[in-house]
Amino acid sequence: MAETTLEKKTFLSVENLLVQYKLSGETVYAVNNVSFTVAKGTTLGLVGETGAGKTTIAKAILRILPDHSLKGISGSVVFDGKDLLKLPETEMRSYRGKNISMIFQDPMTALNPVKTVVDQIAEGIALHQNMNKANARIKAIEMLETVGISADRADEYPHQFSGGMKQRVVIAIALACNPDLLIADEPTTALDVTIQAQVLDLISSLQQKLGTSMILITHDLGVVAGTCDAVAVVYAGEIIEYGSKEDIFDHPMHPYTVGLFGALPDLKKNVNRLSPIVGLPPDPTVAYTDSCPFAERCPHVAPQCREKKPHNAEVSQGHFVRCHLAGEIAGKAAP
Amino acid sequence: MRKSVSKKIMALLLAAMLLITLGACGSSEEPTEGDTQPQETLSLGEQNIGAEGDAAASEQIEYVSYALNSASFDLKPFSSPASGRAQTFQYVWPRLVYLTSYGGSLEEAEMWLAKSVTRVDDVTCDVELYDYIYDNKGNHITAEDVKWSYEMVATVGQSVEVGNLLKEIQILDDYNLRFILNSPGTGKMETVLGFHRMAICDKDWYENATEEELLSDIATAAPYYIKEFVSGSLVVFEAVEDYWQKDESLRGISGSQNVKTIYCPVIAEPSVRAISVENKEVDFTDIQISDLGTFYENGAVKDGYNMLAVGGTTALDLFLNMDEESGSPVATNLKLRQAILYAIDAESCRIAAGLDDSCSWLCYDFGTVQMAGFNEAWKEDYWTYDPDKAKALLEEAGYPDGITLRFMYTSNMSSGMVAVLTENLEAVGIHVEVMGYDQALYNTYKYDSSVWDIIIDNKGGYSLIDNYNNLFSPGGYTNGGVNFCKDQTLYDLVDKGMLTGAQEDYDAIHDRTVELAMGRGLYASATIYVSQDGILDMITNHYMYPMVNAWTYAEDFVSNYKIN
Amino acid sequence: MIKYIAKRLLQMIPVLICVAILIFTLMFFVPGDPVQIMLGDYTSTPEQIAETRARLGIDKPYWEQLVIYLNGIVHLDFGESFILGNDVGEELLERFPRSLTLALSSLGFIVILGVPLGVLCALNAGKLLDKILMVLTLILNSMPTFWLGLLMILLFSVRLNWLPSNGIGGVEYYVMPIIAASVGSLANITRQTRSSMLEVIRSDYVTTARSKGLSERKITYGHALPNALIPIITICGSYFGFMIGGTTVIETVFSIPGIGSYLVNSINSRDYPVVRGSILFIAFSFSVIMLVVDLLYAFADPRIKASYAGNKRKKKETAETGADEQPAAGKEGT
């Protein structure tokens, strides 16, 4: 396969990713034909509600989906010229923790309670960088200090740290081996607001220092605004809008995206009610093969929305929308 | 959905399997009436030799092993009676005389520590000791030691029979004693002089010995001493090197040292004992009747084994409560007692216990057919099974609609036999309240007349009259004899029988017990000993315990035991 | 930590005293007269009975006997057996190593076999191998020990002649008793390991470990199993405690003179000093084992170790971090 300049710059390319779970005899259509790219050194934000499928996409890239409930996975995830989904497990392992790392959502449960924090960091280092235990430990302590935890707390156990500090440890683990791609799954959701800012700052400073690319999963549009270069909006396991940050924030096209921005409370206005998006999130056990998953809740719904699946339309350069009425609805600018 | 269906099927399958296995087990519990074992006969006392024609060893053989059936015992000279003790006691503690057979008399006995015994009158006997008796630690045994030993056995050793029989022991000189009984009677002097739990040891040694020494480092004048004693697990006896009786002709059975070392491992579980002989791990042991088939087939002992059946010393007897003040309906109603006794089919009980003619005998008296004094004529009419007669008697007794009675037994008796007994009584209208207690409780309640109406118990003695004496002599009981009977005529007859030893006096006692409908003997079972075929002649003592030291061993005898 | 151990050891004392009083009272009021059993069937006069009772000390009233008994316990004197007359304490000490060997080897057998099997079942949960192993362990669990012991003797001693059928001695004497004793409980350990592991494997930190690129082996045994240990340790502890005194059936079948058979025989003959001494001994062993189990918890889970260390340290930590900790709970995000 010849490498084009485009592929060189796009160092992660996900195409037609499909992930299905089995749950009590039913199939859950978690990820439905998702495609996106991440350029080197940039941050892609994956935005969507809870249950949209964002974490599944992330875990699918790393192939750490739970075995017992996984029904099927197809598509391609091309990273550094190789399709990760086709690799044998042993080879995939060499990528995990080294080239691609993940930061998890809940710091409270992400760390092993019976191991010291330094051990948990050193483990990955010793594995991927072929160091002996002593050297790995030294590097691990360095890493701890980089995330703001002093060396004399290295031999303490996770339960002795607060939530924010635990998340720092998780970050330390993820960045210990200088990965090329970092996937951060809602890294600040479980933390309070003051700590959020600290953690995000830490991540972006490390990113700049090490040149790491990132996929940041979040449901918080404010976080997206502060950190991302490109944004993909996920709904019902599909990417319904994709573009640069400016595209999405200044010119949202998809009714759902518009609705998201509309739902943000405006400090300057005085309103009696918030304006949420009407209706409930879609049933994940339904496969929306012949219709738009947002049809039930869309204020602009048309008959064709229920009969035919909308294809991905490029409304401007690099800005894609999956809607029959793409381009016809002009969105409001974000506040 | 599919999962739950397959789970249901699994559950049904398991339940079905459970029911089937329960059904299969249940069927084997019923007493198999009419389904007797093949007619094999083991004649009492005779050896059944598996392989014949071996030459006997002329020299002392190295060692032999003998599996004991009980763990909780010790071999101190004056300890309370316990089963394991009785089996091995005689190797290490001597007595005055050695009684050669069950019910044997003093005149037939073999001398041991006594050089000679002379009856002076019917309560007195003079004993002369050898004057050169030394135990294995060099202590000299004198008349003083003998008298003291008797006192110790009667008190500390709780052998109250000896204490009850003896009036006093007089020391005539260093090697001469005079034994005086409380009252005359057949077999009493034999019991005293040849008592099977007697230990004669040196007084000074005993009083100065430590607990350790008493347990495993004894000073004894018997031909063997304790080489090793692991409580509950193994006892090892070794022949005393310099046995005091230098004159071979005077040694006899009691002084024999045909084997140098005797290993006695303790195997409490009966089936494992049988397996250990089959598996060539020990040379000799006693087995239970159900293991007979492993060693005996079609009337002959299998190759490689020797067998000896002994028995008749004890019988399973049934007694009826005769304490008139206890409130028991049985005690005051002769017809009721007769009804009970006619309702019982002793033969069925015997079969239900898994026994038959090859290893057990029906009883026609409280004693066994082997006991000296048994009268064959008693077999003709002894509570012959007659349920119709029983029903009629029950009505005459005043219980036409039946009655409820309490029946006590202990848990180590055959449950099949108990079931048949209960069924016999229920069939004539006597409802039975069955009380099965563990040994400890049973032993306590046995002597309490308010607890039971009917009881079954193993009883025995050296002879018929000895048995009667044990059962009905009021001296040993606080509340009448074994079943609280206070019939003076019976007591007088027993005393007379003890004195005279005449058959017609024994008959009179038997008839009196029948007249009073006191109870009946049910059956007696044999003890089966099995050994490897290198043992040619298994001699037992008068209480049916093996005299390993005096056995005849084959010339090429090799013990199966692995010493570890 | 030392303080914790010391505290626990001190706590054992009132527990043991309560056990002592309880068993004494129980045996005192249970029907059945040891003197009758000792004297057996032999006709004895009331004087002889009274004399024996006086000699054994059982003619005194309840409180007096209790005081004498407790006084003896405090001086580590358990009295002498009614039946044999030997010192109960010494006999217990002599029998204890055999029961201990049996218990320890049995425990080792179960752990070495059961834990890996349980892990195997957990990793293959729902598949055929898991189902087969579960049914197999269920069958083993349902086998009566006595029956299994005798069957093994028939096979290995009589038919094959590989092993001795009874007694104590070298290693070969303990092989069959250990297998017979353990097989039934193998199922419990396997099942517990399986369910603990299943719970743990779905935890977030296992996903973290996987995302680091560790091998499955390292994840299972290095990350998952150490967290699954707590319930397994509990089962092992109680099993071991039970084995010390509860092996009567095995001891009877294989003629091993251990504590179990000593206790049961003495109950049958109402040998009070032996019963009391044995029960107390077993209670003591059990207490020690429970302490060891609790210490093992601390070793396995540092959170528990911290809780033993006490409040002082906790206060220091909360002041530093300003937040309170919650125990970990597994969550799955989609």
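Letters go in sequence order (proteins before strands), and every chain restarts at 1. Here the structure is a predicted model, which means the values were calculated and not measured. Heavy atoms only: backbone and side chains are in, while hydrogens, waters and symmetry mates are out.
Put simply, of S215(C), G222(C), A125(C), G213(C), the one with the most heavy-atom pairs under 4.5 Å next to chain A is G213(C). In terms of non-hydrogen atom pairs under 4.5 Å with chain C, the most contact-rich of C177(A), A58(A), A110(A) is A110(A).
The environment of CD in E199(C) is sparse: at most 12 heavy-atom neighbours from other residues, nucleotides or ligands sit within 6.0 Å. Shown here is F96(C), whose CZ atom has more than 12 heavy atoms of other residues, nucleotides or ligands within 6.0 Å. Atom NZ of K133(A) is surrounded by 12 or fewer heavy atoms from other residues, nucleotides or ligands within 6.0 Å. Counting heavy-atom neighbours within 6.0 Å of E26(A) CD, excluding the residue itself, gives a total of 12 or less.
Here the shortest heavy-atom pairing between P302(C) and P113(A) reads CG-O, 3.4 Å. A306(C) approaches H159(A) most closely through the heavy-atom pair CB-NE2, 3.9 Å. Of all heavy-atom pairs spanning V114(A) and P226(C), the tightest one is CG2-CB, 4.0 Å.
For the atom pair I173(A) CD1 and K212(C) NZ, the distance stands at 4.5 Å (nearest 0.5 Å). A distance of 6.0 Å separates CZ in F104(A) from OG1 in T207(C), rounded to the nearest 0.5 Å. Here the straight-line distance linking atom CG of L62(A) with atom CZ of R210(C) works out to 11.5 Å at 0.5 Å rounding. The distance from atom CD1 of I103(A) to atom OG of S211(C), rounded to the nearest 0.5 Å, is 10.0 Å. Here the CG atom belonging to N227(C) is positioned 9.5 Å from the NZ atom belonging to K115(A), to the nearest 0.5 angstrom.
E123(A) and K218(C) are joined by a salt bridge, as a carboxylate oxygen and a charged side-chain nitrogen come within less than 4.0 angstrom of each other.
Residues H223(C) and Q120(A) have side chains that never bring a donor and an acceptor to within less than 3.5 angstrom of each other.
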(request) Test side chain to side chain contact (heavy atoms under 4.5 Å, CB included) on L127(A) and L214(C) and set out the steps. (result) CA-CA 8 Å; L127(A) 175 67; L214(C) 298 172; 3.7 Å; yes
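For a residue to count as touching a neighbouring chain, one of its non-hydrogen atoms must lie under 4.5 Å from one of that chain's; by this rule A224(C) does not touch chain A.
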